[in-house]
Structures are given as structure tokens and as C-alpha cells.
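Every value quoted in this text rests on a predicted model; they were computed, and no experiment measured them. Along the sequence shown, residues are numbered consecutively beginning with 1.
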Amino acid sequence: MTGVCSRCGGRSRLSVRLCASGTGQAESVCRHHCLYPERLRAEELAPAVLSVQGGAERLRTLLAEKVVAIAGTRVPSDYGRRIAQALARDLATSGVIVACVEEGVGDAACAGVQEAAGGIAVVIGMWEIAAAADPCSLAWPASERALALLADLVIVVEAGEDEWHHASAVQARSRGAQVAAVPGPVDSVSSLGSNALIVEGADVICSAQEALDALYGVGRRRVRRARRRRSRKRSAITQSAIVAETPSDAEPPSVLRTSLEAESPSAFKPPPGLEPELAAVLKRVCGGEDTLAKLCVGKPTCEELTLALTELELLGLLRREGDGRYLAP
């Protein structure tokens with residue numbers, strides 16, 4: 001399928017493929033075509049024509065969701081490749097669309113997406129600039145800038161000191177998009193640009209969870225991989241508690257009834273297999289500190305306690321009342 005009108009035939013063209021589904025013949029669509037992504041249509045710097053491998057309609061649907069761009073140098077260190085791959089894998093597992101340029105840091109990000117079940121990356125090729133005096137010298141920064149047009153959040157993993165090494169961050173900042181960077185070794189040339197972005201006010205990203213917090217708001221969305229671990233742990237705790245504390249001739253009681261039947265905190269016995277940190281919070285709640293405000297007295301931050309209470313709710317060991325109190329079911 002070709003969707004290119006006569007007005008766009010001789011202008012700039014950008015190749016895009018969908019990693020993990022980018023097979024088959026490429027489709028060309030121009031900014032006047034109905035399948036051209038909406039987030040690019042109004043951008044003056046957007047390419048006139050997209051050559052899409054993996055489905056133009058699929059690309060348009062994906063770009064309607066939240067997109068995180070993972071950007072950086074064309075020659076990353078082992079550290080940069082490892083971080084880019086891990087970030088992309090965990091973000092893709094959590095259902096976030098990852099965008100990258102098909103070289104350097106972008107290659108590592110695409111490899112990470114392929115490790116995630118069902119993950120899809122939007123991979124940008126080199127920008128083809130018609131009638132340019134030296135297309136090769138312009139293609140890389142132009143493609144990096146195009147990456148910023150696609151993204152809600154741009155994360156620079158590694159970048160050199162020159163501005164073109166982090167062109168995507170410069171473009172994202174100019175249009176008001178979120179910019180973040182991964183801190184790197186202070187003695188590494190590959191990290192000079194990313195560290196400089198942090199000094200200039202870019203968000204610091206050290207994990208996929210921090211990227212999700214920057215994208216959706218703190219605590220609004222959790223890394224899906226950790227949620228699966230909690231689900232397996234919940235099943236194991238429930239089963240072990242029932243087996244350990246239920247008589248063979250009795251009806252199986254709830255985990256709460258078997259583990260929290262003591263009336264005083266001193267006699268508190270946590271369910272078998274419960275992590276010590278969670279058991280400590282559960283003991284405090286059963287001892288009368290049944291609100292987040294009571295638990296946080298004297299604490300500089302309540303984030304860890306909030307996460308612990310949430311996990312205890314998921315495990316079925318606590319329930320939250322409408323007035324904010326936490327009680328055993």
C-alpha cells in the first residue's frame with residue numbers, strides 16, 4: 001500500500017519499523033494520509049513521508065498511547081547497552097511503547113523489547129533528506145529529533161558532550177516534553193552529555209519504575225514484572241499458612257484467622273513465608289498503628305510504608321476502610 005500524494009513525493013522520508021512485528025512489505029504514508037500518526041501531523045519538523053514496516057495502521061494505533069523514547073550515543077559502552085536493554089525490557093513488559101533509533105543505544109533498547117513477551121518497539125531508521133549536500137552528516141541528528149516528536153518522555157542513557165549526541169533531548173525540551181537521563185560515570189566521555197542534562201534539570205532515571213513514575217505520576221503504575229512476583233508470593237504464603245496451621249479434620253480457615261488470632265502485639269505471629277519488612281508493618285497495624293499517618297510519625301518519607309501496606313492488601317492480610325484505617329479481614 002502506498003499513501004503518498006504528489007505534494008510529498010520529493011521531500012524528506014523517514015523509515016519506521018515495529019520491532020517484533022516489523023516484517024513484510026513497507027507501506028509509505030504521507031502527512032496528508034489518514035494513517036499518518038496524529039502526534040506527528042501538526043509538527044513542522046516531522047518527515048513528509050513515513051515508510052512503515054509492520055503496518056501503518058498498527059503504528060498509528062501504538063502512537064496514540066504513551067511512548068517512551070530511549071536515546072543516546074551511537075557507540076555506547078557496555079554499561080550503556082546494559083542499562084538501555086534493561087529499561088526497554090521492563091517498560092515493554094509493563095505495556096509501555098518504547099521508541100528508539102536503530103543504532104547504538106537504540107539497538108540495545110530494541111533487544112530489550114524483544115525479551116519482553118508481547119513487547120513492541122517503534123524503531124526509527126535514518127532520515128532520508130532529499131537534495132541535501134551531505135545526507136550522511138544530517139541523517140543521525142535528524143532521526144534523533146524525530147524520535148523526540150514521537151515520545152511523551154525521552155530518556156537519554158548515554159550521550160557525549162556535543163549537542164547532536166542528545167539531539168532528541170534538545171528537541172523534546174524545546175517542545176515541552178519530559179526529558180530524563182541515566183547518570184553515568186563522571187570519568188566516562190560517553191556520559192558527559194547525559195550527566196550535563198541532569199545538572200540542567202532533567203529527571204534522574206535509574207530504573208523502569210522511576211520512568212513509570214515520571215510518565216504517569218509517582219505510584220500510579222507499577223512495574224508489571226514485580227506484580228507477577230507478588231502474585232506468586234501471595235499464592236505461596238496462602239498455601240503454606242493453611243498447610244502449617246490447619247488441622248487435617250477441620251475446615252480451612254483464612255490466612256488472617258490463623259496468623260492474626262493473637263490478641264496482643266507481643267503474641268503476634270506472621271504467616272509463614274512473609275517477608276520481615278512486611279511482617280513488621282503488619283505487626284504495627286495489628287498493634288494499633290492502623291493508619292498511614294500513625295505509621296509515618298517521625299519518618300522523613302512514607303513511600304516504603306505505602307508500598308508495604310499495598311502489598312499486604314494484595315496478599316489479603318489487610319483491608320482498607322473508607323476512613324483510611326487498615327484492618328484485618
Asn195 side-chain N/O to Gly184 backbone N/O, donor-acceptor pair under 3.5 Å: yes

Please answer whether the main-chain N or O of Gly80 pairs with a side-chain N or O of Ser77 as donor and acceptor at a distance below 3.5 Å. yes

Taking all non-hydrogen atoms of both residues, which atom of Ala69 and which atom of Ala151 are closest, and how far apart? CB-CB, 3.5 Å

For Tyr79 and Pro185, the nearest pair of non-hydrogen atoms, with its separation, is CE2-CD, 4.2 Å

Exactly one of Ile70, Val156, Leu87 should register a side-chain contact (heavy atoms from CB on, under 4.5 Å) with Val182. Which one does? Leu87

To the closest 0.5 Å, what do you measure between CZ (Arg74) and OG (Ser190)? 14.0 Å

Identify the heavy atoms of Arg58 and Gly54 that sit nearest to each other, and give their distance. CB-O, 3.9 Å

Mind checking the CD1-CD1 spacing from Ile155 to Ile205? Nearest 0.5 Å is all I need. 5.0 Å

Paired with Val68, the side-chain contact (heavy atoms from CB on, under 4.5 Å) test is passed by just one of Leu212, Leu91, Val154, namely Leu91

How long is the straight-line distance from OG of Ser28 back to NE2 of His33, given to the nearest 0.5 Å? 10.5 Å

If I take atom NZ from residue Lys283 and atom CG from residue Leu274, how far apart are they, to the nearest 0.5 angstrom? 13.0 Å

Side-chain heavy-atom pair Pro183, Ile198 within 4.5 angstrom cut-off: yes

Quick one: do Asp290 and Lys294 make a salt bridge, cutoff under 4.0 Å? yes

If you apply the rule side-chain contact (heavy atoms from CB on, under 4.5 Å), what do you find for Arg17 with Glu102, and how did you get there? CA-CA 9 Å; Arg17 65 183 174 88; Glu102 61 175 9; 3.6 Å; yes

Same apolar cluster (I L V M F W Y, side chains within < 4.5 Å links), Leu312/Leu292: yes

To the nearest 0.5 Å, what is the distance between CG (Leu149) and CG (Leu63)? 11.0 Å

Establish whether Val123 and Leu153 are linked, either directly or via other cluster members, by ILVMFWY side-chain heavy-atom contacts under 4.5 Å. no

Before you tell me yes or no, could you show the steps for Leu59 and Val29 under side-chain contact (heavy atoms from CB on, under 4.5 Å), namely the whole-Å CA-CA distance, both residues' side-chain angles and the distance that decides it to 0.1 Å? CA-CA 11 Å; Leu59 174 67; Val29 293; over 6 Å; no

Give me the other members of the hydrophobic cluster that Val75 sits in, counting Ile, Leu, Val, Met, Phe, Trp and Tyr linked by side-chain heavy atoms under 4.5 Å, directly or via other members. none

For Val98 and Ala88, work out which heavy atoms get closest and say how close. CG2-O, 4.1 Å

Same apolar cluster (I L V M F W Y, side chains within < 4.5 Å links), Ile83/Val179: no

Got Leu150 and Ile124 here, is their nearest side-chain heavy-atom distance under 4.5 Å? yes

Given 3.5 Å as the limit, does a donor-acceptor pair link the side chain of Arg89 with the main chain of Ala116, or not? no

Search all heavy atoms of Leu215 against all heavy atoms of Gln178 and return the closest pair with its distance. CA-OE1, 4.1 Å

Rounded at 0.5 Å granularity, tell me how far CD in Glu275 sits from CG in Leu282. 13.0 Å

Taking only Lys NZ, Arg NE, NH1 and NH2, and the carboxylate oxygens of Asp or Glu, determine whether Arg60 and Glu57 approach each other closer than 4.0 Å. no

Can you see which heavy atom on Lys66 is nearest to which on Asp152, and at what distance? CA-OD2, 3.4 Å

Using a 4.5 Å cut-off on heavy atoms from C-beta on, say whether the side chain of Arg284 contacts that of Leu305. yes

Indicate yes or no: at least one non-hydrogen side-chain atom of Leu18 is less than 4.5 angstrom from one of Val122. yes

Below 4.5 Å, heavy atoms only, C-beta onward: do Leu278 and Leu317 meet side chain to side chain? no

Can you get from Leu35 to Val67 by hopping between Ile, Leu, Val, Met, Phe, Trp and Tyr side chains that sit under 4.5 Å apart? yes

Between Arg41 (side chain) and Arg31 (backbone), is there a donor-acceptor pair under 3.5 Å? yes

Are the side chains of Leu40 and Leu50 in contact, using a 4.5 Å heavy-atom criterion? yes

So if you build clusters from Ile, Leu, Val, Met, Phe, Trp, Tyr with side-chain heavy-atom gaps below 4.5 Å, do Val96 and Val113 land together? yes

